[in-house]
2 protein chains.
Amino acid sequence: MSTARPPVAVTVDLVVLTVRDDRLQALTVRRGEEPFAGEWALPGGFLQPDEDLATAASRELLEETGLTSDHFHLEQLASYGDPHRDPRMRTVTVAYVALAADLPTPTAGSDAAEARWQPVADLAADDALAFDHATILRDGVERARAKLEYTPLAAAFCPPEFTVTELRRVYEVVWGVEIDPRNFHRKVTGTDGFLEPTGATTTRDGGRPARLYRVGAVRTLHPPLMR
Amino acid sequence: MSTARPPVAVTVDLVVLTVRDDRLQALTVRRGEEPFAGEWALPGGFLQPDEDLATAASRELLEETGLTSDHFHLEQLASYGDPHRDPRMRTVTVAYVALAADLPTPTAGSDAAEARWQPVADLAADDALAFDHATILRDGVERARAKLEYTPLAAAFCPPEFTVTELRRVYEVVWGVEIDPRNFHRKVTGTDGFLEPTGATTTRDGGRPARLYRVGAVRTLHPPLMR
DNA sequence: GACCTTATCGTCATAGTGACATTAATCGAC
DNA sequence: GTCGATTAATGTCACTATGACGATAAGGTC
């Protein structure tokens with residue numbers, strides 16, 4: 001084990017995803033300072049002295065969206081530490097993914113910087129975001145896509161009570177595929193613990209009233225839904 | 001975004017796993033220094049100034065095992081940054097998981113510290129390892145278990161050429177379950193791209209000669225094997 | 001009330017899986 | 001060389017899950 005201890009700045013960056021206007025969108029902020037001043041970047045900031053990584057992620061989330069972390073599904077994504085990822089200094093960033101329903105206010109957080117939702121499809125180019133944030137975003141999107149397969153996490157993109165069709169739209173948008181409504185309905189209502197009926201119905205999507213569900217207790221889907 | 005930049009030491013720790021004696025085992029090293037002097041810990045060390053995270057992981061792996069990283073499947077696991085995880089100072093550690101066939105020399109690396117393979121079942125207690133390493137090990141083992149389901153990664157625990165039975169033993173040991181040999185055989189030989197027959201056979205496991213396979217090109221199994 | 005829209009349920013063929021039988025090919029003992 | 005033990009490989013069958021699609025239900029709108 002090496003004993004040297006070179007100075008490294010640790011940051012926490014966020015891939016905040018939501019489904020808006022039938023597209024998967026990510027929260028971006030415009031940078032005010034060099035480097036990359038004026039360019040779009042993922043929200044994030046430095047890890048504070050007495051803060052756990054998850055705490056820092058929650059704090060940044062609050063600062064950028066004005067919403068506490070219980071409005072989100074928040075999980076660690078990965079860390080990125082290329083020695084030259086930040087021209088100013090040696091940094092290592094721990095990225096988190098946050099999934100949210102569309103409810104959160106369009107974009108305005110308590111933080112001063114300009115913030116905006118942008119479709120992830122528009123941010124695919126390597127230079128679409130500052131630093132290595134395009135890579136981080138790609139990894140975050142891939143994580144979200146993968147997790148929809150074997151967890152009930154699609155519900156994190158929905159309001160607390162939602163219809164089967166609304167849930168299906170999440171899958172279609174995040175995966176970019178069309179799904180047969182009848183087979184999907186059979187699958188999700190038949191998977192034990194995925195959905196709990198509330199007893200209520202809604203006509204907000206038009207047509208015949210649809211049953212409302214809350215997400216159930218299971219953490220993994222057996223068998224998984226597949227892309 | 002906060003602009004403060006408190007001093008943090010970044011380390012890289014390794015969960016090195018192998019299947020030995022029909023048990024899943026992890027590489028552990030005995031600590032020479034405080035804190036936790038004399039206790040077992042995961043191998044690891046400080047991130048060096050001009051080193052990427054993956055490079056640091058490879059370097060540590062080489063230092064601890066004497067083997068270059070192409071002997072392993074190496075992937076990032078997660079980062080851990082509880083403010084008090086190291087009593088000496090503020091540290092954030094980026095953990096990697098390395099999977100290896102049993103071939104690597106039992107334990108002796110080029111590094112001076114005493115090193116040993118230990119069954120992961122014996123390291124389950126929170127205080128079985130220094131720092132938060134028991135937690136990291138648990139997460140690493142869980143990662144390995146999960147990846148066997150939907151990737152051909154079980155082959156990383158096997159020599160370059162292996163039999164279906166040897167592969168099955170990996171699944172049985174890592175998952176801690178018994179698997180029907182005939183159904184397993186059907187599944188893995190029928191999954192396109194999982195196994196490539198070498199044309200050769202072996203009798204090293206006794207009985208009728210078994211065909212030898214190399215791992216194929218696919219990176220994910222569709223449909224997955226399930227626990 | 002006709003009709004549009006969406007929700008929910010049903011049908012059928014096919015693929016995948018668990019449980020288990022059978023046959024095949026080697027080794028070692030005698 | 002034959003026999004038996006051992007493990008490999010293939011096969012059978014029932015059941016479950018899934019894809020593709022039809023049919024019916026229950027609200028809205030005009």
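Just so you know, these numbers come straight off a predicted model, no measurement behind them. Below, read A as the first sequence line, B as the second, and so on, with proteins coming before strands; counting in each chain starts at 1. In what follows, every heavy atom counts, from backbone to side chain, and hydrogens, waters and symmetry copies are set aside.
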Open item on the list: Using five base pairs at each end to define the local axes, how bent is the helix from C/dG1-D/dC30 to C/dC30-D/dG1, to the nearest 10°?
Closed with: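 One end axis against the other gives 0°.
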
Starting at [atom1] of [X], measure out to [atom2] of [Y] and round the result to the nearest 0.5 Å.
X        : Y        : atom1 : atom2 : result
A/Ile179 : A/Lys187 : CD1   : NZ    : 11.5 Å
B/His185 : B/Thr165 : NE2   : OG1   : 7.5 Å
A/Ile136 : A/Ser79  : CD1   : OG    : 9.0 Å
B/Leu14  : B/Leu77  : CG    : CG    : 10.5 Å

TODO: Indicate yes or no for a side-chain donor-acceptor contact from B/Thr28 to the backbone of B/Arg116 under 3.5 Å, with no hydrogens or angles considered.
DONE: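 Present.
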
Task: Backbone N/O of B/Asn183 and side chain of B/Asp180: donor-acceptor pair under 3.5 Å - done: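 The answer is yes, because a donor-acceptor pair under 3.5 Å joins these two groups.
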
Task: 5' to 3' contact window, DNA chain D with chain A (heavy-atom distance under 4.0 Å) - done: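 Reading along DNA chain D, I get D/dA17 to D/dG27.
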
Task: Test salt bridge (charged side-chain N to carboxylate O under 4.0 Å, His left out) applied to B/Arg23 - qualifying residues, sequence neighbours left out - done: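 Expected list: none.
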
- [ ] Please identify each residue that fulfils salt bridge (charged side-chain N to carboxylate O under 4.0 Å, His left out) with A/Asp126, with sequence neighbours left out.
- [x]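 Counting only residues at least two positions away or on another chain, A/Asp126 forms a salt bridge (charged side-chain N to carboxylate O under 4.0 Å, His left out) with A/Arg138.
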
Open item on the list: With the threshold set at under 4.0 Å for non-hydrogen atoms, list the residues of residues 163-170 of chain A touching DNA chain C in residue-number order.
Closed with: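 Contacts with DNA chain C under 4.0 Å: A/Thr165.
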
- [ ] Not counting sequence neighbours, list each pair that qualifies as a salt bridge (Lys or Arg N to Asp or Glu O under 4.0 Å) and has a residue in residues 208-224 of chain A.
- [x]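 Checked against salt bridge (Lys or Arg N to Asp or Glu O under 4.0 Å) - neighbours excluded - the pairs reaching residues 208-224 of chain A are A/Glu161-A/Arg214.
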
Open item on the list: So, using side-chain hydrogen bond (donor to acceptor under 3.5 Å, both in side chains) as the criterion, who are the partners of B/Arg143 when residues are at least two apart?
Closed with: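 Residues passing side-chain hydrogen bond (donor to acceptor under 3.5 Å, both in side chains) with B/Arg143: B/Glu75.
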
Task: Pairs touching residues 141-183 of chain B that satisfy ring-ring contact (aromatic ring centres under 6.0 Å, His included), sequence neighbours left out - done: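 The answer is B/Tyr171-B/Trp175, B/Tyr171-B/Phe184.
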
Using residues 194-201 of chain B as the side-chain source, report each donor-acceptor pair under 3.5 Å to any protein atom, sequence neighbours left out, with the distance given to one decimal.
from: B/Thr198; atom 1: OG1; to: B/Ala200; atom 2: N; distance (Å): 3.1
from: B/Thr198; atom 1: OG1; to: B/Leu212; atom 2: O; distance (Å): 3.2

When you compare the protein's N or O atoms with those of nucleotides 14-18 of chain C, which come within less than 3.5 Å of each other, and at what distance?
from: C/dT17; atom 1: OP1; to: B/Lys187; atom 2: NZ; distance (Å): 3.0
from: C/dT17; atom 1: OP2; to: B/Lys187; atom 2: NZ; distance (Å): 3.4
from: C/dG18; atom 1: N7; to: B/Arg186; atom 2: NH2; distance (Å): 2.8
from: C/dG18; atom 1: O6; to: B/Arg186; atom 2: NH1; distance (Å): 3.1

Task: Sequence-aligned protein contact record of nucleotides 22-30 of chain C, with B where the base is within under 4.0 Å of a protein heavy atom and S where only the sugar-phosphate is - done: --BBB----

- [ ] Verify whether one side chain among A/Tyr80 and A/Asp13 offers a donor that lies under 3.5 Å from an acceptor in the other.
- [x]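 Distance-only check fails for A/Tyr80 and A/Asp13.
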
Task: B/Arg169 and B/Glu172 ion-paired at < 4.0 Å - done: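 A salt bridge is present here (some side-chain N lies under 4.0 Å from a carboxylate O).
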
TODO: Sequence neighbours left out, what passes side chain to side chain contact (heavy atoms under 4.5 Å, CB included) with B/Glu39? Give chain and number order.
DONE: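 B/Glu39: side chain to side chain contact (heavy atoms under 4.5 Å, CB included) contacts with B/Phe36.
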
